[in-house]
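Working notes, structure below.
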Amino acid sequence: MVRRVCETDGCEREARLQCPTCIKLGIHGSFFCSQECFKGSWSTHKLLHKKAKNEKSNEESFKSEKGEMNTDPWPGYRYTGKLRPHYPLTAMRAVPSYIQGPDYADHPLGVSESEQSLKGTSQIKILPPEDIEAMRLVCRLAREVLDVASMMVRSGVTTEEIDRAVHMACLARNCYPSPLNYYNFPKSCCTSVNEVICHGIPDARPLQDGDIVNIDITVYRNGFHGDLNETFFVGDVDEGSKKLVQTTYECLMQAIDAVKPGVRYRELGNIIQKHAHASGFSVVRSYCGHGIHRLFHTAPNVPHYAKNKAVGVMKPGHVFTIEPMICDGAWHDETWPDSWTAVTKDGKRSAQFEHTLLVTETGCEILTRRLEDNGSPYFASQL
């Protein structure tokens with residue numbers, strides 16, 4: 001009889017216990033030596049359950065009762081707005097072996113062990129000069145990829161087609177698209193349309209005249225990540241959406257103007273919320289900006305709402321993102337059954353902008369700044 005070994009990292013003891021949920025879901029393996037090891041592995045092990053449930057749901061829902069293709073994978077789900085997913089998704093895109101990937105690229109659950117090892121820490125890394133130069137390069141490349149994506153935005157183009165263009169642009173620059181397989185995210189960028197706040201999964205739905213769409217790009221090169229996003233107009237957009245997008249960009253830039261050594265990270269939320277509320281909009285509270293360098297997400301956390309309890313004071317050499325998500329209605333959110341797509345609870349529209357920033361001796365450097373049009377975002381030319 002084959003001896004089973006505990007699946008907890010570093011444990012070589014004989015395993016006699018099997019996860020009961022894995023048995024129900026038909027997941028093979030999942031043996032542990034004790035309840036202690038099982039509980040200790042829970043934070044990563046539970047991701048197996050989530051992945052298996054999603055795969056089962058997708059398989060069962062692509063056919064209607066009449067045997068016809070059904071593009072809505074969750075027919076019983078109560079959507080908050082008019083947007084619907086358009087499934088099935090295409091397979092996860094391949095990255096050539098000669099392109100260096102982050103530690104989660106080949107992990108079966110997309111877990112970043114390097115991030116997990118620092119989870120809960122509030123210590124903010126001060127980057128040495130060589131790391132700062134690496135961040136300048138990767139952020140410039142990330143900007144180039146977003147510029148490529150911007151040329152795809154028009155009515156009739158699917159977000160899946162945008163994702164393909166992003167993927168190819170990353171490979172052309174010897175970059176790994178950071179979202180790909182990050183905790184099993186299935187695509188190379190995030191595309192968030194209308195009421196989607198963030199983490200929208202590119203699919204076969206064509207963009208429609210009047211939509212707004214955020215494209216969030218992160219690329220990985222030589223051990224570092226660079227992250228940015230913009231919200232774009234698709235064709236003729238109503239005045240309310242124009243005001244929302246304009247205000248969201250202003251929130252980002254006003255916060256950036258305050259970045260300098262000695263400023264507390266929690267102050268940025270006060271600036272953003274004050275401006276958003278003055279225009280009649282709300283600020284999402286569930287998602288925040290973050291530190292970024294060798295890790296995709298790390299300290300500091302940068303909330304965008306007022307009176308937050310963010311820890312830390314800005315110092316030269318800190319690198320982080322500011323990425324406010326501003327809503328036309330209430331700030332409350334919920335997540336689609338794909339476990340990624342965050343949408344407004346009231347179905348109203350949301351917009352977002354993001355830059356990666358370096359704190360300097362006197363202020364900050366916008367590492368992902370657009371090089372054309374004096375750094376103006378793409379939507380500005382359509383106002």
Side-chain angles (χ1 to χ4, degrees), residues 139 143 146-147 150 153 190 192-198 210-217 227-234 236-260 263-290 302-308 310 314 320-331 333 342 344 348-359 363-383:
C139 286
R143 163 50 69 179
L146 183 60
D147 290 343
S150 73
V153 178
C190 299
S192 301
V193 179
N194 297 341
E195 67 263 29
V196 179
I197 294 170
C198 60
D211 284 346
I212 60 173
V213 57
N214 178 275
I215 303 177
D216 195 336
I217 302 293
D227 192 2
L228 77 160
N229 72 55
E230 286 194 27
T231 299
F232 299 86
F233 297 150
V234 182
D236 295 323
V237 175
D238 64 85
E239 291 302 316
S241 294
K242 288 181 179 179
K243 181 182 178 184
L244 172 65
V245 171
Q246 175 78 39
T247 300
T248 305
Y249 180 70
E250 291 168 355
C251 285
L252 170 65
M253 298 312 295
Q254 287 188 21
I256 289 175
D257 287 343
V259 174
K260 63 181 179 180
V263 173
R264 296 183 183 276
Y265 282 99
R266 66 186 183 213
E267 288 300 320
L268 299 179
N270 297 332
I271 295 167
I272 291 167
Q273 183 167 304
K274 181 180 179 180
H275 187 64
H277 281 194
S279 298
F281 301 124
S282 63
V283 182
V284 171
R285 301 169 71 93
S286 301
Y287 301 93
C288 61
H290 53 90
V302 187
H304 304 113
Y305 56 90
K307 299 180 181 179
N308 65 76
M314 298 174 196
F320 64 98
T321 71
I322 304 177
E323 44 188 297
M325 289 142 277
I326 308 301
C327 300
D328 188 27
W331 60 266
D333 63 277
T344 57
K348 294 186 178 181
R349 291 187 169 188
S350 180
Q352 183 185 21
F353 287 88
E354 174 185 22
H355 275 308
T356 296
L357 309 166
L358 165 69
V359 182
C364 79
E365 180 180 341
I366 304 175
L367 299 179
T368 47
R369 184 177 183 271
R370 188 181 174 202
L371 299 181
E372 293 79 24
D373 292 340
N374 198 31
S376 294
Y378 283 94
F379 81 87
S381 64
Q382 294 178 261
L383 290 175

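One-based numbering along the sequence shown. Treat the numbers as computed from the prediction; the structure is a model and nothing was measured.
Scanning all heavy atoms of the two residues, the minimum distance from Phe353 to Thr231 falls at CE2-N, 3.4 Å. Contact record, Leu252 with Glu354: CD2-N, 3.9 Å, taken as the closest heavy-atom pair. When every heavy atom of Ala255 is checked against every heavy atom of Ile271, the shortest pair comes out as N-CG2, 4.0 Å. In terms of heavy-atom proximity, Val284 sits nearest to Tyr305 at O-CD2, 4.2 Å. Contact between Phe281 and Ile326 at its shortest, heavy atoms only, is CB-CG2, 3.5 Å.
Side chains of Asp373 and Tyr378: a donor-acceptor N/O pair is absent below 3.5 angstrom, by distance only.
Every residue meeting the side-chain contact (heavy atoms from CB on, under 4.5 Å) condition with Asp238, not counting sequence neighbours, appears here in chain and number order: Ser241, Arg349. Considering only residues two or more places apart in sequence or on other chains, Asp236 meets the salt bridge (charged side-chain N to carboxylate O under 4.0 Å, His left out) condition with none of them. Take Lys242 and apply the salt bridge (charged side-chain N to carboxylate O under 4.0 Å, His left out) test, not counting sequence neighbours, and it matches Glu239. Among residues two or more places apart in sequence or in another chain, the salt bridge (charged side-chain N to carboxylate O under 4.0 Å, His left out) test is passed with Asp211 by Arg205. Judged as a side-chain contact (heavy atoms from CB on, under 4.5 Å), and not counting sequence neighbours, the contacts of Ala342 are Ile197, Cys198, Tyr287.
Interatomic distance, Phe320 CZ to Leu358 CG, rounded to the nearest 0.5 Å: 9.5 Å. Rounding to the nearest 0.5 Å gives a distance of 11.5 Å between CG of Leu244 and CD of Gln352. The distance from atom CG of Asp333 to atom CD of Glu195, rounded to the nearest 0.5 Å, is 13.0 Å. Considering OG of Ser376 and CZ of Arg369, their distance stands at 8.0 Å, rounded to 0.5 Å.
Formation of a donor-acceptor pair under 3.5 Å by the His304 side chain with backbone atoms of Glu323 is found in this model. A donor-acceptor pair under 3.5 Å is absent between the side-chain atoms of Thr356 and the main chain of Thr321, judged by distance alone. Between the side chain of Asn229 and the main chain of Ile217, no donor-acceptor pair closer than 3.5 Å is present. At distances below 3.5 Å, not a single donor-acceptor pair connects side-chain atoms of Arg266 with backbone N or O atoms of Asn308. Distance alone, capped at 3.5 Å, places no donor-acceptor pair between the Asn194 side chain and the Ser350 backbone.
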Derivation of the side chain to side chain contact (heavy atoms under 4.5 Å, CB included) call for Glu372 and Asp147: CA-CA 10 Å; Glu372 293 79 24; Asp147 290 343; 4.1 Å; yes
Chi angles and distances behind the side chain to side chain contact (heavy atoms under 4.5 Å, CB included) call for Val193, Val234: CA-CA 10 Å; Val193 179; Val234 182; over 6 Å; no
Evaluation steps, side chain to side chain contact (heavy atoms under 4.5 Å, CB included), between Gln382 and Val237: CA-CA 9 Å; Gln382 294 178 261; Val237 175; over 6 Å; no
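Counting heavy atoms from C-beta on, the side chains of Leu357 and Ile366 come closer than 4.5 Å. Between Ser192 and Asp216 there is no side-chain heavy-atom pair separated by less than 4.5 Å. Looking at heavy atoms from C-beta onward, Phe379 lies out of side-chain contact with Ile212 at the 4.5 angstrom threshold. With contacts defined as side-chain heavy-atom distances shorter than 4.5 Å, the pair Asp227/His290 qualifies. Side-chain contact check for Leu268 versus Val259: some heavy-atom pair is nearer than 4.5 Å.
Applying the side-chain hydrogen bond (donor to acceptor under 3.5 Å, both in side chains) test to residues at least two apart or on different chains, the pairs with a partner in residues 247-259 are Gln246-Glu250, Glu250-His275, Gln254-His275.
Residue Thr368 forms a side-chain hydrogen bond (donor to acceptor under 3.5 Å, both in side chains) with just one option from His355, Arg143, Glu230, and that option is His355.
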